[in-house]
There are 2 protein chains.
Amino acid sequence: MAKTTTPPDQNGTKTLSDQAYQRLRSDIIHGVLQPDEKLRVEHLRQEYGVGASPLREALSRLTADGFVTAEGQRGFLVAPMSEEDLADITRLRILLEKQALCQSIESGDDAWESQIVAAFYQLEKVEESTDRDPVEWEVRNHDFHEALIAGCTSKWLRRFYSILYDQHKRYRNIALSTEIPRDLHQEHEELRNAALERDQKRAGDAIEHHILRTAEITQRVLREESLQKKERA
Amino acid sequence: MAKTTTPPDQNGTKTLSDQAYQRLRSDIIHGVLQPDEKLRVEHLRQEYGVGASPLREALSRLTADGFVTAEGQRGFLVAPMSEEDLADITRLRILLEKQALCQSIESGDDAWESQIVAAFYQLEKVEESTDRDPVEWEVRNHDFHEALIAGCTSKWLRRFYSILYDQHKRYRNIALSTEIPRDLHQEHEELRNAALERDQKRAGDAIEHHILRTAEITQRVLREESLQKKERA
DNA sequence: TTCAAGTTATTTATCGATATTTTTTGTAAT
DNA sequence: ATTACAAAAAATATCGATAAATAACTTGAA
């Protein structure tokens, strides 16, 4: 039978709140909206083409996620960034991703193994290509890490991990506006092998080392940036 | 100089959104709003005496916290409860509280020790009194656990732990409408001693054992309730 | 009786408007 | 100059109303 006239799916996501949420989240993670920047609802209205209500709902959710801070009656701000915060996120991400990975190794099946192999292959392709697209790499890297913990059935662990991964990603994006080449491939390979061999200890160490190394570089760039900032003042 | 007429602080918290958020959160945790219950904004408006906007903002935040689920264009629901979810929360709470406790033991100072002793004493008083007020106990229990991890400086660890603690509390409150007496005192004492002696291993084991035991009882009651539910159908 | 289609009714999601609150600007006095 | 105060401007938080979507109900036919 024929439906009325409206298409069932207007724009990928359903509600305007969701759209605003995803776009704001993405813009914060990718540095389009800078840390400590004031989020004026009136201004965002025009920019995003939605009303104040959906925006405020999206901002409320982002507040709970830690991407936005909301002060009393003084509106919303993009969450600040600091070395301490990065260190904090890093430490906790290691704890959670290690846990998720171990659970995954315990209960992962054949399909899980296949996904890891496939995701690693795609990531390898991007890492070894000459013209490395950073956006492409981000996607493949995320897919690989997701594949590793795909066997983890804990809803809450996934929820928290997902937040921390994106928080970490924000630091990477903001700090590495100048891309820094590094030999990640070796770490990814060790991670893949340890997982496929079901060696929890080795995989745990590998993921810890991998995250720590990534964070170190980000932290160094962050420190340099904040030094330059102080010099200007 | 004289201000206009309005008192500067209407009701403890500042915005109506915050008030609605806290009240909804509390009502969900304490079972006033039951799992899977539909949260009709129009109805809540009258009940809480606030407009739709602050309510929707509060519900959005609670969605991010996992106390409420929001489906597409079908409104808000109180988050469901299940044995699997309880097991999930329990496992992750152990991981996080253990971590927070160990960090706390490492960096806790004299004031931290004092707080633990004081909180334990107050908790002891409630536990040993003849007419045990469950609400009083909840507060003292929370204070004690907070005191134990007060030395933990990780903002993110605290944030996630706080959510899990309250999620756990919801299960306790819903399942233990009939209060079940149990010997918690011994476990609390072991926890206190291990912390004061700065024994991370012992404290970690104690907190794990303590949370597991609590969850077991809650789970048993939950199972009985769900069985009774099925019998009626 | 059961199923299906159309209609009514409820409720959600959104927008525009209003009243406070905060921030900024301007002015005068020390 | 600098501080203090007052007035204006901007922006926030909130409410009431409207349009769109879902759910409930009724009716009619197999």
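Since the structure is predicted, the reported quantities are computational estimates derived from the model, not experimental observations. Naming: A, B, ... by sequence-line order, numbering from 1 per chain.
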Rounded distance (Å) that lies between atom [atom2] of [N] and atom [atom1] of [X]:
| X | N | atom1 | atom2 | result |
| --- | --- | --- | --- | --- |
| B/His43 | C/dT12 | NE2 | C1' | 16 Å |
| B/Asp18 | D/dT12 | CG | P | 16 Å |
| B/Arg45 | D/dC15 | CZ | P | 8 Å |
| B/Leu39 | C/dT12 | CG | P | 9 Å |
| B/Tyr21 | D/dA13 | OH | C1' | 19 Å |
| A/Gln73 | C/dT22 | CD | C1' | 9 Å |
| B/Leu77 | C/dT12 | CG | P | 10 Å |
| B/Phe76 | D/dA21 | CZ | P | 17 Å |

Examine D/dT14: is either OP1 or OP2 under 4.0 Å from a nitrogen or oxygen in the side chain of B/Ser17? Give yes or no.
-> yes
B/Thr63 OG1 to A/Tyr21 OH distance, which is reported to the nearest 0.5 Å | 10.0 Å
Tabulate below the donor-acceptor pairs under 3.5 Å that side-chain atoms of residues 43-52 of chain B make, not counting sequence neighbours, or state none.
unit_1: B/Tyr48; atom_1: OH; unit_2: B/Asp27; atom_2: OD2; d: 2.7

Could you check which residues of residues 46-66 of chain A get a heavy atom under 4.0 Å from DNA chain C? Sort them by number, please.
-> A/Val50, A/Gly51, A/Ser53, A/Pro54
Mind checking what makes salt bridge (charged side-chain N to carboxylate O under 4.0 Å, His left out) contact with [X], not counting sequence neighbours?
| X | result |
| --- | --- |
| A/Glu136 | A/Arg140 |
| B/Glu138 | B/Arg172 |
| B/Glu37 | none |
| B/Asp166 | B/Arg25 |

What donor-acceptor contacts under 3.5 angstrom involve side-chain atoms of residues 66-81 of chain A, with partners at least two apart or in another chain?
none

N/O contacts under 3.5 Å, protein versus nucleotides 6-11 of chain C?
unit_1: C/dT11; atom_1: OP1; unit_2: B/Arg40; atom_2: NE; d: 3.3

A/Leu16 side-chain proximity, nearest of C/dT14, D/dA23, C/dT23 = C/dT14
With A/Thr90, which residues qualify under side chain to side chain donor-acceptor pair (under 3.5 Å), at least two apart?
-> A/His168
Ionic contact status for A/Arg23 with A/Asp18, cut-off 4.0 Å | no
